[in-house]
Amino acid sequence: MNAVEIEEAISKLAEQPFDAAEFPYAFLEAFGNKATTIKRLRSGSTNASDIEAGVLQRNNVHIAVAEEGNVTDTLAALKQSPATKKAKAKFIVATDGKQFEAEDLTSDDAPIVCEYKKFPDHFGFFLPLAGISTVKQIRESSIDIKATGRLNRLYIQLLKDNPEWGKAERRHDMNHFMSRLIFCFFAEDTDIFNGEGLFTATIDQMSDRDSSNTHEVMSEVFRAMDTKISERDAAKLPRWADQFPYVNGGLFSGSTETPKFSKIARSYLIHIGSLDWTKINPDIFGSMIQAVTDEKERSSLGLHYTSVPNILKVLNPLFLDDLREKLEEAGDSPIKLLNLRKRMSKIRVFDPACGSGNFLVIAYKEMRAIEAEINQRRSESGHKTEIPLTNFRGIELRDFPAEIARLALIIAEYQCDVMYRGQKDALAEFLPLDAMNWIVQGNALQLDWLSVCPPTGADVRIQANDLFESPLDQAEIDFDNEGGETYICGNPPYLGSRAQSKVQKSDLEAIFKMKTKNWKQLDYVSGWFMKAADFGVVAKSKAAFVSTNSICQGQQVPVLWPLIFESQNEIEFATIGFKWTNLAKSNAGVTVVVIGISAGARKRRTLHSGANSEFENARVVDNINPYLLASENIFVAAQKEQISNLGELDRGSAPTDDGEFTFSQDEYEAQLSLYPELKRYFHLAMGSSEFINGVIRWILKLDEISLNDPKLHSIVQPILNRVKKFRQASTKAATKKFADRPSVFPEDRHFKGRKIFVPQLFSEKREYVTCGLLTENSLILAPHFQIDGSQMIVLALISSRTHKVWISTVCGQLETRLRYSNTLGWNTFPVPILTEKNKKDLESCAEDILLAREAHFPATIAELYDPEKMPENLRLAHERNDEVLERIYIGRRFKNDTERLEKLFEMYSKMTKSKAAS
């Protein structure tokens with residue numbers, strides 16, 4: 001169940017007559033518990049409660065129905081219950097059907113105390129019961145998710161009643177209609193309309209109960225809101241419509257056609273109007289409501305939310321912290337405060353991937369709060385804001401989120417005016433809406449950003465899309481914003497090269513084709529960074545985007561970042577590796593970074609830790625390189641030879657045989673029972689699943705003797721025929737070349753003797769690169785790597801924390817897994833000159849790691865290196881290896897991964913410069 005479904009379920013529960021015996025089970029069912037789970041609780045087989053009439057679900061919740069008037073004491077008994085503690089219950093709930101109390105035992109949040117019928121208003125408090133992570137805003141208010149759910153039901157019903165409105169050619173009309181509705185619901189509850197509940201009451205009273213004329217009544221209401229007061233007589237509006245104010249602003253202009261309503265749809269509409277829309281939070285509402293009109297996203301209704309603290313990790317270091325510092329410096333000086341207010345009035349915030357406007361809304365509200373403090377210090381509380389909405393600009397690909405973004409800004413402006421100026425002044429100046437709209441619908445990588453958010457100055461010709469009307473023609477606008485700053489921000493789509501559509505690839509090609517031939521390697525988000533860098537060349541701007549850290553790893557670094565640096569942009573600040581979580585079930589979130597660039601970067605650069613506990617303590621550094629380290633701008637490039645002269649790590653063999661030479665253990669034994677002579681030609685096949693998970697497979701590697709042995713012909717020749725056919729069908733010339741030599745591996749790198757195996761891909765959750773020592777009979781398969789097994793120091797080096805950190809940074813990832821590279825990860829790995837003692841110590845460490853593994857035979861590498869289950873002796877062996885190696889580097893243990901990387905980059909820089917000089 002998603003958050004919207006849960007809210008609806010508990011709302012229905014609260015509306016029904018209270019049933020003491022059924023309440024605990026109905027409550028659990030509302031949070032998505034399966035019928036079988038409820039059945040077991042009813043039977044008592046899983047109910048561990050020690051409270052009368054109590055139901056205890058392990059690791060979740062302890063519920064009890066109290067005697068009338070005894071709710072508080074019952075909640076206290078639940079809290080003190082030994083069963084609650086033993087079962088590790090996270091929540092306790094007590095009710096008598098009139099009073100409702102609950103407490104989250106895992107947090108410091110205040111307990112819930114309310115009337116029974118109002119407990120659904122706190123449903124966000126209980127979302128963890130359904131495995132859904134929560135945020136403060138959701139815990140405190142349910143209106144946003146309630147509104148999302150009700151609007152979704154109405155939207156779906158209207159499409160059933162009006163199927164033609166669901167077609168592509170009418171989708172914009174439908175989305176535009178929904179925007180009008182949202183505005184009306186908000187306006188009627190906030191006195192924007194003259195009379196509380198005016199819109200809903202008018203529809204209820206003036207349209208027939210059978211809904212036959214609901215669309216006509218609504219159409220007249222919309223027509224009224226597009227008619228100036230001076231033109232009302234000529235418009236001949238009905239008296240009941242004439243009471244609505246003139247709104248316009250593009251929102252109600254154009255066609256007033258509305259979809260037809262069934263009785264069900266009309267009922268939904270009236271019910272939505274009964275919600276308290278004064279409590280709508282545009283920070284949350286906009287990002288959730290966009291899912292209503294997207295069929296693919298509807299299953300996640302109520303989950304589309306980006307937390308304000310995460311957004312501020314972008315906005316604060318980009319410009320808000322600077323404004324607050326200037327406010328602090330101004331003190332109570334009227335002149336300094338006035339100058340700061342004037343500066344703020346000229347600041348533009350531009351989100352070229354704005355979605356439903358989260359970043360713009362938060363930026364607006366934060367700036368209004370600073371402005372309000374300025375006004376208070378200047379004894380000008382109630383002063384009309386000098387921060388215009390048109391300074392908050394965005395580009396969004398889809399039309400409905402773009403409309404919602406503008407609507408969210410309008411709502412935020414009104415709410416700020418009420419907060420800082422009072423209801424009377426807010427209402428007096430709210431209508432009619434300003435027709436200017438700077439949320440443009442379109443492809444941000446195809447549009448000219450300078451036309452959407454032009455450099456400061458007057459009389460700039462622009463092309464914009466008024467989202468509440470048809471696209472505007474060329475218009476001449478006086479921006480009157482000389483000297484203003486532009487701050488570009490947002491959370492663009494990341495999309496690695498393999499996940500990009502043809503259109504997205506063409507977007508990147510248009511941006512990068514004249515800059516680099518290697519643009520196909522880049523993530524989609526790179527387009528936003530490059531356009532922001534180009535924008536900063538001609539405009540006074542800074543930019544900060546959220547991105548996966550892949551653009552700061554691997555082969556993308558030497559492709560993207562030299563281009564950004566060549567445009568005179570530098571990295572001014574960065575926040576390293578944190579979870580960009582949304583309100584979602586079992587949501588671990590994607591690990592992201594925030595990178596701020598500027599063509600006029602301050603000398604003081606700041607690196608922030610992504611961990612919440614460390615974020616406030618920014619580290620001031622001289623430079624931030626593209627790997628997000630406090631180091632000079634270095635680009636690690638693939639090397640043909642190992643930089644520290646430590647031996648060649650090569651790829652394994654590639655038989656290119658469609659699996660014909662590979663045999664399972666059973667198949668291998670069956671073949672040997674018929675042809676014992678084949679044994680000498682079989683090798684243990686070693687790929688990722690074989691090494692990591694202990695899968696046993698064998699690979700047949702033939703030679704001239706086997707081909708000429710008549711005893712083996714009957715088994716060998718059919719295999720060779722199939723391999724030949726497979727290679728002939730290949731589209732690759734290199735593969736076809738070997739069709740006539742089917743017994744030969746196109747890539748044969750097998751050698752006699754022990755080998756060290758290094759997997760190409762492995763889980764980023766493992767603390768170490770899980771390499772290993774293999775027997776002479778093993779044949780390592782590409783794309784995995786191998787090196788002579790006599791070089792045990794190599795096993796110690798690759799098995800170290802220091803090496804894992806290095807390859808995580810310079811090699812990059814495939815999906816969420818780390819991708820090893822011999823030329824980029826091993827050959828570039830800088831190691832100090834090793835003494836004979838160093839080598840012996842490291843060899844000893846390598847042997848200890850292997851012996852620790854062996855002690856747990858037949859446990860697999862996957863089992864041994866599970867972070868939660870790693871055996872203590874193996875962990876200690878790795879710890880000793882890390883300590884020995886790190887003392888070789890700096891004479892002590894590294895403090896953290898940042899110090900490890902900074903040392904490695906320092907060494908890499910010196911070693912590459914030395915080689916270049918020689």
Side-chain angles (χ1 to χ4, degrees), residues 141 143-144 147 179-203 218 220-232 235 237 239-253 272-283 285-286 341 345 357 360-361 364-369 371-376 380-392 403-437 468:
S141 173
I143 181 62
D144 301 286
S179 299
R180 288 173 168 177
L181 281 187
I182 292 168
F183 177 83
C184 289
F185 290 133
F186 178 75
E188 70 175 349
D189 282 359
T190 51
D191 293 330
I192 292 170
F193 290 165
N194 186 19
E196 185 177 346
L198 177 64
F199 175 73
T200 303
T202 300
I203 301 300
M218 193 173 295
E220 285 297 278
V221 171
F222 291 170
R223 186 165 72 93
M225 287 188 275
D226 189 36
T227 305
K228 295 179 180 179
I229 302 301
S230 60
E231 298 171 359
R232 294 268 168 126
L237 293 167
R239 288 184 181 274
W240 47 265
D242 194 30
Q243 58 190 325
F244 284 89
Y246 170 59
V247 175
N248 202 332
L251 183 55
F252 291 97
S253 58
I272 294 170
S274 69
L275 298 175
D276 183 1
W277 285 72
T278 60
K279 296 179 180 178
I280 282 291
N281 183 351
D283 309 353
F285 181 66
R341 190 169 72 189
S345 72
L360 298 176
V361 168
Y364 179 79
K365 290 171 71 173
E366 292 293 321
M367 288 180 68
R368 284 294 302 268
E371 183 190 47
E373 176 64 22
I374 291 171
N375 292 340
Q376 184 177 1
E380 294 176 344
S381 295
H383 181 81
K384 182 179 179 180
T385 182
E386 296 180 17
I387 302 173
L389 282 189
T390 51
N391 275 4
F392 295 81
E403 292 203 33
I404 293 300
R406 186 198 180 197
L407 200 52
L409 279 167
I410 290 171
I411 291 172
E413 180 186 45
Y414 177 78
Q415 290 176 334
C416 286
D417 279 347
V418 170
M419 182 183 302
Y420 301 126
R421 304 183 61 213
Q423 179 92 354
K424 182 178 179 181
D425 287 343
L427 285 171
E429 297 178 1
F430 186 68
L431 296 178
L433 297 179
D434 190 334
M436 300 288 277
N437 172 35
F468 295 98

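Annotation: side chain of I182 is in contact with side chain of I404 (closest heavy-atom distance under 4.5 Å). Residues L181 and M218 have side chains in contact (heavy-atom distance under 4.5 Å, counting atoms from C-beta outward). Looking at M225 and R180, their side chains never come closer than 4.5 Å, going by heavy atoms from C-beta outward. A heavy-atom distance below 4.5 Å is found between the side chains of F392 and M367. When side chains are defined from C-beta on, W277 does not count as touching E188, because their heavy atoms never get closer than 4.5 Å. Taking 4.5 Å as the limit, some side-chain heavy atom of L389 sits within range of a side-chain heavy atom of Y364.
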From CA spacing to verdict: salt bridge (Lys or Arg N to Asp or Glu O under 4.0 Å), D189, K279: CA-CA 9 Å; D189 282 359; K279 296 179 180 178; over 6 Å; no

CA sep, side-chain torsions, deciding dist, call: Y420, N375, side chain to side chain contact (heavy atoms under 4.5 Å, CB included): CA-CA 10 Å; Y420 301 126; N375 292 340; over 6 Å; no

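Distance OG/S253 to CZ/F222: 12.5 Å, rounded to 0.5 Å. The distance from the CD atom of E429 to the OH atom of Y414 is 12.0 Å, given to the nearest 0.5 Å. In this structure, L409 CG and N391 CG are separated by 11.5 Å, a value rounded to the nearest 0.5 Å. Taking CZ from F183 and CG from L433, the interatomic distance works out to 5.0 Å, rounded to the nearest 0.5 Å. Rounded to the nearest 0.5 Å, atoms CZ (R368) and CD1 (I387) are 6.5 Å apart. In this structure, the separation between NZ on K424 and CG on D191 is 13.5 Å, given to the nearest 0.5 Å.
Considering all non-hydrogen atoms of both residues, L407 and S179 come closest at CD2-O, 3.5 Å. T202 and Q243 make their closest contact through OG1-NE2, 4.1 Å (heavy atoms, listed as atom of the first residue, atom of the second, distance). Nearest heavy atom pair, residue R421 against residue T385, reads CD-N, 4.4 Å. S345 and P388 make their closest contact through O-CD, 3.8 Å (heavy atoms, listed as atom of the first residue, atom of the second, distance). Nearest approach of A426 to D417, heavy atoms of both residues: CB-CB, 3.6 Å. A pairwise comparison of heavy atoms in E386 and E371 identifies N-OE2, 2.8 Å as the closest pair.
Under a cut-off of 6.0 angstrom, the local environment of CG in D434 is crowded, with over 12 non-hydrogen atoms contributed by other residues, nucleotides or ligands. Taking a 6.0 Å sphere around CD of E196, one finds it holds 12 or fewer heavy atoms contributed by other residues, nucleotides or ligands.
In terms of modelled atom types and a separation under 3.5 Å, the side chain of R232 and the main chain of D242 share a donor-acceptor contact.
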Per-pair distances, 0.1 Å, donor-acceptor, side chain in residues 244-252, under 3.5 Å, sequence neighbours excluded:
unit_1, atom_1, unit_2, atom_2, d
Y246, OH, N248, ND2, 2.5
N248, OD1, G250, N, 3.0

